[in-house]
Structure formats: structure tokens, C-alpha cells
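Per chain, numbering begins at 1; letters A, B, ... match sequence-line order.
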Number of protein chains: 2
Amino acid sequence: MDTSSPPRMETLSQGIADKLVRDITSGDLPQGSKISEPELSRRYGIGRGPLREAILRLEGMGLVIRAPHVGARVVTLTRTELSEIFAVREALEGMAARLAAENMTDQELGELEQLLETHAAYIEEHQGQAYIDQNGDYDFHYRIITGSRNQRLIRSLCDELYHLMQMYRKNSGSRTRPEQALFEHQMIFKALKDRDGELAEMLMRRHIGQARREIKQFIEPEQQ
Amino acid sequence: MDTSSPPRMETLSQGIADKLVRDITSGDLPQGSKISEPELSRRYGIGRGPLREAILRLEGMGLVIRAPHVGARVVTLTRTELSEIFAVREALEGMAARLAAENMTDQELGELEQLLETHAAYIEEHQGQAYIDQNGDYDFHYRIITGSRNQRLIRSLCDELYHLMQMYRKNSGSRTRPEQALFEHQMIFKALKDRDGELAEMLMRRHIGQARREIKQFIEPEQQ
DNA sequence: GATCTAAGTTTTGTTTACAATCTTTATTTT
DNA sequence: AAAATAAAGATTGTAAACAAAACTTAGATC
């Protein structure tokens with residue numbers, strides 16, 4: 001009858017997995033850290049079974065890598081790997097933008113426009129400070145991704161790639177140019193409003209590809 | 001003493017996961033089947049722990065869905081979901097083709113050309129029989145995907161989406177037109193050989209989008 | 001002094017047992 | 001008779017104990 005009094009502790013392993021994701025994306029568990037089962041088991045006060053399941057789940061998200069009989073470590077993103085992630089994002093979010101142009105409702109478009117106005121006001125007020133870094137940028141992209149109505153696309157981008165991006169941002173400061181990003185967002189929005197999927201995809205790909213090329217520039221000096 | 005008679009049983013859960021993948025993609029475990037832990041535990045003669053880990057892994061691949069306290073079932077692909085998968089494939093393999101045009105070695109291109117000649121000979125000999133259905137088509141796509149040199153792309157496509165496609169094919173007969181597919185493959189190969197990434201991507205997307213549109217045609221009569 | 005070897009310790013992989021939840025079945029009531 | 005409730009059965013979630021593998025440390029030999 002009343003199943004709501006326990007405040008929805010879905011399942012232990014799920015809860016631990018979420019906590020681990022937060023700890024990793026927040027930088028609390030830095031890149032390359034060992035995920036020791038006994039230690040975390042003691043720290044969180046749970047058995048090793050649910051913990052292992054949580055780690056398995058993180059492995060599925062690509063946040064940790066496991067070697068048999070050796071254990072799990074938080075994945076270390078080299079710039080090369082980050083560049084690879086951006087290539088996937090470029091392909092996937094480009095497709096998402098194309099589909100969103102077909103499938104987003106007028107109401108969703110209105111809310112997206114409002115979001116952009118908020119961003120514009122904030123940037124003007126704060127003289128181009130990098131507010132977008134935190135959540136604003138993700139908000140914009142998130143709405144378009146969900147607007148694609150493609151569940152698999154949504155899952156790949158929001159449940160897997162986004163966490164990796166978040167992690168990298170915490171571990172290595174990333175600077176963006178808010179005004180430039182905002183303008184690109186506005187162009188993408190215009191294409192969506194015009195229901196021009198082809199243009200929306202092209203603009204989104206350029207928007208993301210921009211960041212990818214910036215990363216790629218710094219690869220040669222660092223590695224090899 | 002003798003640990004070599006089981007030929008490289010890396011870890012139990014890994015082995016069980018592979019076996020389950022085979023059983024699902026081969027159609028032995030059809031869509032929607034219940035994955036009962038006690039039953040499979042007895043059938044395979046292992047404890048429930050490794051089995052659960054294997055199921056977790058399959059969930060990460062998207063082959064099964066789990067409901068808390070209810071259990072796991074083999075995922076049932078509706079045509080809508082299959083269409084969604086093709087949209088993701090279109091985006092991802094398009095990008096793979098673009099990158100492959102930049103990164104494949106001349107030797108790899110030579111082997112790919114040989115593969116196409118084999119296909120052509122087979123089709124001519126067997127009067128357009130659907131040999132490509134089995135492995136030939138995948139061979140071609142697989143080589144291009146790995147030619148992208150993007151590990152994340154490779155993993156998404158080969159470890160996740162491919163299994164789902166395989167499963168669907170087993171459960172519902174899919175007819176292809178081998179000659180048409182071969183010609184499209186040859187065009188894509190030409191673009192790769194010319195190192196024309198943009199054209200390769202476009203052709204690959206059309207090649208896959210073709211199948212997507214065919215599926216989409218059959219959605220309305222079936223659902224809604 | 002450095003390197004190889006071997007024993008010890010820690011960690012992971014696996015099994016077994018227990019508790020909580022859900023599904024099913026049978027009974028009762030309207 | 002149909003629907004709702006309650007009890008029984010089965011299944012999943014969790015914890016604790018055991019076995020095997022890997023890393024570490026100490027010792028011996030070159």
C-alpha cells in the first residue's frame with residue numbers, strides 16, 4: 001500500500017554506483033585511483049557484493065577499467081582519448097540535433113529559447129565569466145539530446161559520455177569562450193526553430209568539433 | 001597443477017557472459033525470455049555470483065533489461081527501437097568511415113579490396129544469394145570501424161550495437177539485396193582509397209540510412 | 001650491491017547462506 | 001461470480017566465509 005516511506009532507496013548497488021559516479025566526476029576519486037573493494041566496503045559500510053555490482057556498472061559506463069585478479073582503477077583520460085570522445089560526441093550529438101529539429105515540441109523550443117536568454121543575460125552581467133562551464137552548457141545540450149526522442153542516443157550521451165567529460169573538466173581546468181559558445185548555441189536554436197535538421201546537425205558538429213580541434217592541437221606537444 | 005585443459009577460462013563471469021551473448025545472438029534465448037538466476041545457475045553449474053556479474057555486463061551492452069526485485073529479461077526490440085539503433089549506427093559508422101579514410105593503412109585498404117572481390121565472386125556464382133547476410137557484410141563494416149583507430153567508436157559499435165543487430169536478425173528474418181549492398185560497399189571503398197573522408201562518411205550514412213528507412217516504412221502498419 | 005627467488009600478505013573471484021521483495025494462488029467477501 | 005485480500009512459494013538483493021591469484025617483502029645467491 002505505502003511503499004514510499006523508505007525514500008526510494010532503489011537498491012544498494014544502484015545507490016553506491018551513483019555515489020561512486022559523483023565521487024569520480026567531482027574529482028574526489030581522481031583519475032587513476034585504485035578502487036579497492038575492501039577499503040570502499042568499509043568506508044561505505046556495505047558488503048562487497050553490491051560494491052562489485054556497482055563497479056561493474058561503472059565499467060559499463062567506461063568510468064573505470066578492470067583487470068582480472070588485479071582490480072579496478074578510475075580511468076585515466078589522455079588527451080588522445082578525450083579527442084576520441086569528442087569525435088563520438090560530434091557524431092552522436094549531430095544526429096541528435098537533426099532528430100530534435102523534427103521531434104521537439106513548440107513548447108520545448110520555447111523553453112530552450114528562454115534558457116538562451118538567461119544565458120545571454122548572465123554573460124552580459126558577469127562580463128563573459130565562464131558560468132556556462134558549470135551547468136548552463138550542459139543544460140542546452142541536454143535539452144536537444146532528449147528532444148531527439150531517441151532513447152539509445154539519450155542513454156549513450158547522458159549516461160556515459162557526459163560523466164567522462166565532467167570528470168575530465170574537474171581534473172584539468174578547461175577554459176571556454178562563453179560569448180562564442182552562446183552565439184553558436186543561438187545559431188543552433190535558430191535551425192531547430194526552423195525545423196532545419198540538416199543545418200542543425202552541421203552547426204552542432206562544428207560546435208563540438210571546435211573543441212575537438214582545440215584538444216588535438218595540444219596532443220603533439222604532450223605525447224609522442 | 002593443470003590449468004590449461006579449460007582453454008583460457010579467464011574468469012567465470014567473463015566466460016558466462018560470452019556464453020550468454022552467444023545464446024542470445026544465436027536465438028537460443030529468444031527476445032523477452034526470462035533470465036532466471038537459479039535456473040541458469042543450475043544449468044551452467046556455477047554459483048549465482050558470477051552469473052549476476054555476467055548479467056550486469058549484458059545489461060551494460062543493452063542486451064537485457066533488469067527490473068529491481070523482478071529480474072532480467074532478454075530485451076525485446078520493437079521496430080521503433082531497431083530504427084533508433086540504426087540512427088545511432090548511421091551517425092557512428094559515418095564518423096568511422098570519415099576517420100578510416102584518414103587512418104587506414106594502404107595494406108588494410110588492399111585487404112579490404114580483396115574482400116570485396118571475394119564478395120563479388122560469391123554473388124555472381126550464387127546468383128545474388130544472401131551470403132552477405134551472414135558474415136560478409138559485417139566483415140566489411142568491421143574493417144572500416146577498426147580502421148577509424150578510435151577505440152571508443154570501435155567498442156560502441158562492435159561490442160554493443162553489433163550484438164543487438166545480430167539478435168534481431170536471428171529473431172526476424174531480414175532480406176537484403178546483395179548486389180545493391182555490394183555496389184554501395186564498392187563506392188565506399190573507392191572513397192576510402194581516395195582518402196576522401198567526407199564522401200566516405202556521406203556514402204556510409206546513406207548505406208545505413210537506407211536500411212533505417214526501410215524499417216521505418218513498416219512501423220506505422222505495425223504500431224500505432 | 002643487484003637480481004632472482006620464495007614465502008607471506010593482501011586482494012580479488014567464487015560459493016554458500018540469509019533476508020527482503022515480488023508473484024502467485026487460494027480463500028473470503030461483496 | 002468477480003474482485004479483493006492474505007498467505008505461501010519463489011526469486012532477487014545482501015552479507016559473510018572460503019579459495020585462488022597477484023603484489024610485496026625478505027632472503028639468498030651471483
Side-chain angles (χ1 to χ4, degrees), chain A residues 1-21 23-24 29-30 32-76, chain B residues 1-21 23-24 29-30 32-76:
Chain A
M1 198 160 296
D2 173 40
T3 56
S4 62
S5 50
R8 268 310 189 82
M9 183 67 79
E10 297 238 346
T11 175
L12 260 188
S13 76
Q14 180 82 41
I16 294 296
D18 290 349
K19 186 185 281 285
L20 282 177
V21 168
D23 285 354
I24 291 176
L29 285 174
S33 336
K34 178 125 184 49
I35 308 257
S36 165
E37 292 181 10
E39 183 196 334
L40 290 185
S41 174
R42 282 190 303 272
R43 169 128 59 107
Y44 293 129
I46 59 165
R48 257 181 59 216
L51 184 63
R52 279 178 71 85
E53 291 201 7
I55 293 174
L56 258 293
R57 218 169 291 207
L58 293 218
E59 189 189 22
M61 295 184 195
L63 279 175
V64 308
I65 48 176
R66 293 199 329 157
H69 300 113
V70 171
R73 311 191 83 90
V74 178
V75 74
T76 61
Chain B
M1 197 159 296
D2 174 37
T3 58
S4 61
S5 47
R8 266 304 189 87
M9 186 67 78
E10 294 237 349
T11 177
L12 261 189
S13 77
Q14 180 82 41
I16 294 296
D18 290 349
K19 186 185 282 285
L20 282 178
V21 168
D23 286 354
I24 291 177
L29 286 174
S33 334
K34 178 126 184 51
I35 309 259
S36 165
E37 293 181 9
E39 183 195 334
L40 290 185
S41 174
R42 282 192 303 273
R43 168 128 59 108
Y44 293 131
I46 59 164
R48 256 182 59 218
L51 185 63
R52 280 178 70 84
E53 293 202 5
I55 293 173
L56 258 292
R57 216 170 294 208
L58 292 220
E59 188 189 22
M61 293 185 195
L63 280 176
V64 308
I65 49 175
R66 294 198 328 156
H69 301 112
V70 171
R73 313 191 82 91
V74 178
V75 75
T76 61

Output a table of nitrogen or oxygen pairs between the protein and nucleotides 5-11 of chain C separated by less than 3.5 Å.
none

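- Considering CG of B:L58 and CD1 of B:I24, their distance stands at 5.0 Å, rounded to 0.5 Å.
- At a threshold of 4.5 Å between non-hydrogen side-chain atoms, the residues B:E37 and B:I55 count as touching.
- Residue A:R73 contributes atom CZ, which lies 10 Å from atom P of C:dT12 at whole-angstrom precision.
- Residue-level contact check: A:I35 touches the backbone only, with heavy atoms under 4.0 Å from sugar-phosphate atoms and none from bases.
- As a whole-Å value, the separation of A:E59 CD from C:dT12 C1' is 14 Å.
- Taking atom CZ of residue A:R66 and atom C1' of nucleotide D:dA21, one finds them 15 Å apart after rounding to whole Å.
- Atom pair A:L51:CG and C:dT12:P shows a separation of 9 Å (rounding to whole Å applied).
- For the pair B:P68 and A:Q14, the minimum side-chain heavy-atom distance is 4.5 Å or more.
- Looking at A:R73, its side chain does come within 3.5 Å of a backbone N or O of A:G32 through a donor-acceptor pair.
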Let me see the working for B:L63 and B:L20 under side chain to side chain contact (heavy atoms under 4.5 Å, CB included), right down to the final yes or no.
CA-CA 10 Å; B:L63 280 176; B:L20 282 178; over 6 Å; no
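- As a whole-Å value, the separation of A:R48 CZ from D:dT14 P is 16 Å.
- OP1 or OP2 of C:dT14 sits under 4.0 Å from a side-chain N or O of B:T11.
- At whole-Å resolution of the value, CZ in A:R52 and C1' in C:dT15 are 12 Å apart.
- Atom CD in A:E53 sits roughly 16 Å away from atom C1' in C:dT12 (whole-Å rounding).
- Counting to the nearest Å, the C1' atom of C:dA20 and the CG atom of A:L12 are 12 Å from each other.
- In this structure, B:K19 places its NZ atom where only 12 or fewer heavy-atom neighbours from other residues, nucleotides or ligands lie under 6.0 Å away.
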